[in-house]
Amino acid sequence: MPELAEVEFYRKQWDASLAQAVARVAVHANKRIFRGTDVRVMTRALPGLRYRESFARGKQMLFRFGGQAWIGIHLGMTGKLRSEQLPFRPTKHDHLVITLKTVALVFRDPRQFGRVHFHQGTQPPDWWTKIPPAPTDRGFTQKLVEQFLARHRRLPIKATLLLQRGFPGIGNWMADEILWQSGVAPARKTAQLSETEVHRLWTTIRNVCRTAMRTIGRDFSDPPLDWLFHQRWSRTGLCPRHKTALNCAVIGGRTTVWCAKCQPS
DNA sequence: GTAAATGTTCGGGC
DNA sequence: AGCCCGAACATTTA
């Protein structure tokens, strides 16, 4: 389920054991989540290093071990992080298990759309440094949004919001929530939005992300009850404002839910 | 049995 | 080169 706030929640699941040293690393080495990673180098480098700190930017996470070993994790569609008491026996989808002194750090991902990176160096890896500002960052300015929208003029706004180069951390449910709260129909082309609508979009993006971080991101508690979030999962969901049936269609390749009254075409 | 799932990445067309 | 679309990836659940 991981978008911005869920990623933040999962990142913290490993932090209970900060400063403990790695005892051993167990992996399902041939799984897809390790594509592009030298698993052998990783499993040999980590033992003995202490788990030092973690970061999240958009949907990406970065974990530092010792002075110069880094694990990057993307949760894909079904990835989750958790800590388990020892002794811990991994099951089928627990593809990465880092055993520390008193706990095991576990990355589980049934569908394996997620990914594990391993990087060595005193500085974080390049792909991490180059992640653009997320909606919760100071650098996420209206001007930046305008420039990004201008590069995707013919794309439905729903599809544009899903592009991680412009909106790191926004995923399918957040995009629907943002569009509903902004009163913008998802199928409208980016270029068709008025200045007012772009401004409202920018404000709403920041509000939705901030609120999601304070609820889901903090302890996985529910976001406000009047959000579309609570209605969009079921086929019988209703618009929180009008109590009328929601529309549902594939837009930008993804299931999209909206209210025709709140979001006129 | 079939469809759909909170995500990226690739190849092809324009 | 940059933009846009659709298929592909792997597994579980409704």
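In what follows, chains are A, B, ... by sequence order, proteins preceding strands, each numbered from 1.
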Which of the following nucleotides, [options], is nearest to the side chain of [X]?
| X | options | answer |
| --- | --- | --- |
| R254(A) | dT12(C), dG7(B), dC5(C) | dG7(B) |
| F113(A) | dA10(C), dT8(B), dT9(B) | dA10(C) |
| K92(A) | dT8(B), dC4(C), dT12(C) | dT12(C) |
| N172(A) | dG7(B), dA5(B), dT12(C) | dG7(B) |

- Item | Carboxylate-amine/guanidinium contact R11(A) E8(A), below 4.0 Å | yes

Does [N] have its OP1 or OP2 closer than 4.0 Å to a side-chain nitrogen or oxygen of [X]?
| X | N | value |
| --- | --- | --- |
| H93(A) | dT11(C) | no |
| T255(A) | dA5(B) | yes |
| H74(A) | dG7(B) | no |
| Q112(A) | dT11(C) | yes |

Would one find more than 12 heavy atoms of other residues, nucleotides or ligands at under 6.0 Å from atom CZ of R89(A)?
->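 Count not over threshold, so no.
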
R153(A) atom CZ is separated from dC4(C) atom C1', nearest whole Å, by 15 Å

Using the C1' atom as the reference point in each nucleotide, state the distance between dT9(B) and dT12(C) in Å, no decimals. 22 Å

Short side-chain donor-acceptor distance under 3.5 Å, E6(A) and W173(A)
yes

| request: Verify whether one side chain among N207(A) and T204(A) offers a donor that lies under 3.5 Å from an acceptor in the other. | output: no

